[in-house]
Undergrad: 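Structure below; questions to follow.
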Protein chains: 2
Amino acid sequence: MGNSRVTVREIARLAGVSVATVSRVSNGTGQVSPEMRRRVLEAIEKHGYRPDHLGRALAARRHGALGLVFPGLSGPYFTELIQGFESEAVPSQASVHILCTHLREDSDAQVLEMGRRVDGVAVIGGTISDTALSRLAEMVPVVVVAGEAPGGVPSIRVENTASMAALTRHLLVDHGLRDLVFVGNPEGSPDVTQRWTGFLDAHRSLGLRPPAAPVAVGLQQADGVLAAERLLRAGRGVRRPEGVVCANDETALGVLVGALGRGLRVPQDVVITGFDDAPMAALVTPGLTTVRQPVRDLAAEAARIVLTAVDRPGAPAPGDLVLPTEPVLRRSCGCPPPLTTGGTGK
Amino acid sequence: MGNSRVTVREIARLAGVSVATVSRVSNGTGQVSPEMRRRVLEAIEKHGYRPDHLGRALAARRHGALGLVFPGLSGPYFTELIQGFESEAVPSQASVHILCTHLREDSDAQVLEMGRRVDGVAVIGGTISDTALSRLAEMVPVVVVAGEAPGGVPSIRVENTASMAALTRHLLVDHGLRDLVFVGNPEGSPDVTQRWTGFLDAHRSLGLRPPAAPVAVGLQQADGVLAAERLLRAGRGVRRPEGVVCANDETALGVLVGALGRGLRVPQDVVITGFDDAPMAALVTPGLTTVRQPVRDLAAEAARIVLTAVDRPGAPAPGDLVLPTEPVLRRSCGCPPPLTTGGTGK
DNA sequence: TTGAAAGCGATACCAG
DNA sequence: CTGGTATCGCTTTCAA
C-alpha cells in the first residue's frame with residue numbers, strides 16, 4: 001500500500017483536481033477549499049504519495065543538504081562534531097553529506113564537487129587548500145570550523161592559545177615542573193598550532209626555555225602510544241621529561257597507557273595533560289588534567305551559521321566566532337584528587 | 001572566472017549550437033564533429049560551466065548518493081566503517097549521506113526520509129526496526145551491515161561466534177583460566193549477541209559453567225573503564241575474575257586502563273581480551289589479545305553490494321555474506337611476547 | 001479557490 | 001552529425 005512511484009499528476013488525476021492543487025495541499029501553501037483538500041488527502045493517503053525530493057529540489061533550486069568536510073575522522077572529537085552538526089541540520093530538514101579528504105590527492109576537486117550537491121558546507125580547518133576554500137565559498141555558503149578562514153569566509157573555533165598557556169603555566173608554576181614536552185604536530189591542524197603557541201608563550205612569559213620542537217605525531221591514541229615509546233623508554237642516557245603536554249586527550253590517553261604499561265606512576269614519575277575533556281578523561285585513573293572545549297556546540301553553531309546563510313543570502317557574514325574553553329585540573333598533573341569522582345567543575 | 005549559474009541553454013546559445021549538442025559534449029556521449037566540439041568546449045571553458053547536479057539527477061532519476069545509517073558513531077570501528085564505505089562510493093561518483101539514529105525517537109521516520117534522497121542505503125545492524133528496514137528496502141536497495149536482515153534484504157557481517165568461541169577456549173584450555181567474565185551488552189548489537197554466544201559455547205563444550213550474565217555495558221572505551229571499576233575493585237569479598245573477555249577492543253582498552261591504573265598487572269593478575277584488532281591493540285603494553293575483523297572490507301563490500309543493486313535492479317540479491325575473522329594472540333592473555341613487536345600475523 | 005502553463009536544468013529520442 | 005522537443009516531478013505565477 002503505497003508505491004513510491006506515484007507522482008503529483010497521478011494524484012491530481014485520481015482526485016480529479018489539478019497538480020497545482022495537489023501541490024498546495026501537500027505543502028500546506030495557499031488556500032484550498034475543504035472539499036478539495038479532503039479529496040486530495042484521500043488520494044495521497046491511499047497511494048502513499050510523497051513528493052519526490054529531486055523534483056522538489058530542482059524547482060526550489062535547493063538541495064536540502066549540508067556538507068561536512070573532515071581531514072579523516074577518527075576518535076571522539078569527530079564523533080562529537082558530526083553529532084553536533086546533525087543536531088542542527090536534521091530539524092531543518094537538511095541531510096548531512098560527509099567527505100573525508102584523508103590522505104587523498106584530489107581532495108580539493110572532491111570538495112568542489114560536494115559544493116555542487118549541497119546548499120552549504122562546513123569545513124574543518126586544515127583540510128583543504130585556501131584556494132579551494134575560496135572557490136567553494138563562491139558557490140555556496142561556507143564556514144570554517146576550528147581553523148582560520150580566508151577573507152570573507154566566516155569561521156568558528158575554540159580558544160586554544162590562552163587556555164593552553166594557562167595550563168602550561170599551571171604545570172611550570174604551581175607544580176614547579178621543568179622539562180616539559182609537547183606532543184602534537186603544529187603543521188597538521190590550526191588547533192594544534194595555536195596550542196603549541198600557548199605552550200611556548202607560557203614558557204617565554206616566565207623566562208624559561210621551551211623545547212626546541214614538539215614531538216610531532218598525529219592526534220590519535222595510537223600516536224600517543226608512539227610518543228610515549230619515544231619519550232619514556234627506560235634509562236638510556238635520554239632524560240625522561242617531567243611533564244608531557246599533549247595536543248588532545250586522545251594522545252594524552254595514549255601516553256598514559258604507555259606510561260602505565262611501563263610501570264611508571266602518574267603523576268609521581270611523569271605528569272600528563274590533554275586537551276578536549278573527552279568522556280574518558282574523567283574516567284581514567286589517574287583522572288586526566290585537560291582543557292574543556294565545547295565540541296558539540298562548536299559544530300551545532302557551525303551548522304546554524306551555514307543554515308542562516310542559506311536562508312538569507314543577503315545577510316552579512318557572521319565573522320569569526322571563538323568559543324571559550326576552560327582548564328580542568330585532575331590528578332594527572334599532580335593536583336590533589338577532587339572530593340567527588342569525575343571532573344572539577346560541574 | 002566561472003559563475004556556476006550558467007546553464008546548458010546559455011552555453012548552447014553562446015556556442016551557437018543546440019542544447020542537445022552541449023549535453024553530448026559535456027557527457028562524451030554520442031558523436032559530435034570536431035568543429036562543434038571545439039566551439040562547445042570553448043564556451044564551457046570560458047564560462048566555467050558545470051552541469052547542475054539536480055537537473056541531471058532528475059533527468060536520470062538517480063541521486064548519485066548513498067546512505068549510511070549508524071546507531072551513534074563513536075570510536076575507531078565507525079571511523080573505519082565510514083572510510084571503507086567512502087572508498088567505494090567516491091570512485092562511483094556517489095556522495096555519502098550519513099545518519100546517526102543515536103537515541104532519537106523518530107529514527108525510523110528519518111531513515112525512511114533518507115531513503116527518498118539516496119539511491120541505496122547501508123544500515124548498521126540493530127539500528128532501526130525491522131519494519132522500517134523492510135519499508136526502506138521497498139524504496140531503494142538496502143544492505144544490512146553487521147546484523148541480520150529480514151527476508152529478501154541482503155546482509156554482510158563478520159564471523160563472530162566461532163572466533164569468539166575459539167578465543168574463549170584458548171583462555172580456558174591453553175591458559176587454564178576459570179572465572180571468566182564477558183563485558184558487553186548482547187541486547188545492543190547483533191555482533192555482541194553472537195560474540196556472547198561464542199563465549200557461552202566455549203564453556204559448554206568443555207562442560208564448564210559460564211557466568212549467568214554478561215557485564216552489560218556499551219561499546220566505548222569509557223564503558224570499559226566502568227566495567228573495570230565494577231570488576232576489579234580491590235578485595236571486598238567479591239572475587240576478581242581471572243579473565244575479562246570484552247566484546248570489542250575499545251572496552252578492552254578501557255578495562256586495561258582501569259586495571260593498570262589500579263596497579264594490577266596484566267596478564268599476571270588479570271587477563272584481558274578484545275575483539276576488532278584496532279590499531280591500538282598492537283601498540284599497548286601488554287599487547288591486546290583479540291580477534292581481527294576486516295572492518296574496512298566489510299564496509300567497502302557493503303557499498304559494492306548497494307552500488308551493484310542500484311546499477312542492476314533486476315539482479316538477484318547477493319544473500320548473506322560472512323567475512324572471516326582470526327584470533328590474534330598477544331601478551332594480554334598470557335601468551336609469550338612475539339619475536340617482533342606488533343601482531344602475530346603479517 | 002482553481003487550473004493551465006511556464007519554468008527549474010539536463011538528457012535522450014526521433015527526425016532531418 | 002545535429003537540432004527540436006518531450007520528459008523527469010514539482011512549484012508557482014497568472015488568469016479565470
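Here is how names work: the chains are called A, B, and so on, in the same order as the sequence lines, proteins then strands, and each is numbered from 1. Just so you know, these numbers use all the heavy atoms, side chains as well, and skip hydrogens, waters and symmetry mates.
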Undergrad: Check whether any side-chain N or O of A:D106 sits under 3.5 Å from a backbone N or O of A:A109 as a donor-acceptor pair, and report yes or no.
TA: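 Pair absent, no side-chain N/O of A:D106 close to backbone of A:A109.
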
Undergrad: On DNA chain D, reading 5' to 3', which nucleotide is the first and which the last to sit with an atom under 4.0 Å from a heavy atom of chain B, could you check?
TA: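 Nucleotide range in contact with chain B: D:dC1 to D:dG9.
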
Undergrad: Could you tell me whether a side-chain N or O of A:E86 sits under 3.5 Å from a main-chain N or O of B:C100, the two making a donor and an acceptor?
TA: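 Between the backbone of B:C100 and the side chain of A:E86 there is a qualifying donor-acceptor contact (under 3.5 Å).
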
Undergrad: Suppose we screen for side-chain hydrogen bond (donor to acceptor under 3.5 Å, both in side chains). Which residues come up paired with B:D119, at least two apart in sequence or across chains?
TA: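 Expected list: B:H63.
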
Undergrad: Quantify the bending of the helix from C:dT1-D:dA16 to C:dG16-D:dC1 as the angle between its end axes, each fitted on five pairs, to 10°.
TA: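 Roughly 50°, once rounded to the nearest ten degrees.
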
Undergrad: Of B:S33 and B:A60, whose closest DNA chain D nucleotide lies nearer the 5' terminus?
TA: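 Closer to the 5' end of DNA chain D: B:S33.
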
Undergrad: Do A:Q293 and A:L323 touch side chain to side chain, with heavy atoms closer than 4.5 Å?
TA: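 Not touching, per the 4.5 Å side-chain cut-off.
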
Undergrad: Is A:R135 salt-bridged to A:D130, cutoff N-O under 4.0 Å?
TA: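 So A:R135 does not pair with A:D130 through a salt bridge.
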
Undergrad: Does either side chain, that of B:T29 or that of B:R24, offer a donor lying less than 3.5 Å from an acceptor on the other one?
TA: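 There is no such pair (donor and acceptor under 3.5 Å, judged by atom type) between the side chains of B:T29 and B:R24.
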
Undergrad: Got a donor-acceptor contact below 3.5 angstrom from the A:T7 side chain to the A:R9 backbone?
TA: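 Indeed, once roles are kept as given, a pair shorter than 3.5 Å links the two residues.
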
Undergrad: According to salt bridge (charged side-chain N to carboxylate O under 4.0 Å, His left out), does anything in residues 25-38 of chain B pair up with another residue at least two apart or in another chain? List the pairs.
TA: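 Checked against salt bridge (charged side-chain N to carboxylate O under 4.0 Å, His left out) - neighbours excluded - the pairs reaching residues 25-38 of chain B are B:E35-B:R38, B:E35-B:R39, B:R38-B:E42.
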
Undergrad: May I ask you to test the A:V40-A:V17 pair for a side-chain heavy-atom distance under 4.5 Å?
TA: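 SC-SC contact between A:V40 and A:V17 confirmed.
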
Undergrad: Strictly by modelled atom types, are A:Q194 and A:R157 linked by a side-chain donor-acceptor pair under 3.5 Å?
TA: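 Judged by distance alone, the side chains do pair up.
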
Undergrad: Between A:M36 and A:G55, who's closer to the 5' end of DNA chain C by nearest nucleotide?
TA: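 Looking at DNA chain C, the more 5' nearest nucleotide goes with A:M36.
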
Undergrad: Output yes when A:R62 and A:D311 qualify as a salt bridge under the 4.0 Å nitrogen-oxygen rule, no when they do not.
TA: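 Looking at A:D311 together with A:R62, the answer is yes, because their closest N to O distance falls below 4.0 Å.
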
Undergrad: Looking across every strand, which nucleic acid part, if any, lies under 4.0 Å from A:L54 by heavy atom: base, sugar-phosphate, or nothing?
TA: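 The residue A:L54 makes no contact with any strand.
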
Undergrad: Look at all strands and tell whether B:V8 reaches a base, only sugar-phosphate, or nothing, counting heavy atoms closer than 4.0 Å.
TA: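 Since a base atom lies under 4.0 Å of B:V8, the category is base.
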
Undergrad: What is the 5' to 3' range of DNA chain C, first to last nucleotide, that sits under 4.0 Å from any heavy atom of chain A?
TA: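 Footprint of chain A along DNA chain C, 5' to 3': C:dT1 to C:dG9.
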
Undergrad: So A:F70 and A:F78, would you call those rings parallel, tilted or perpendicular, with 30° and 60° as cut-offs?
TA: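 Ring orientation, 0 to 90° scale: perpendicular.
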
Undergrad: Strictly below 4.0 Å, heavy-atom distances to any atom of DNA chain D: list the hits from residues 18-27 of chain B, or just say none.
TA: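 The stretch gives B:S18, B:V19, B:A20, B:T21, B:R24 as the residues lying under 4.0 Å from the strand, ordered by number.
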
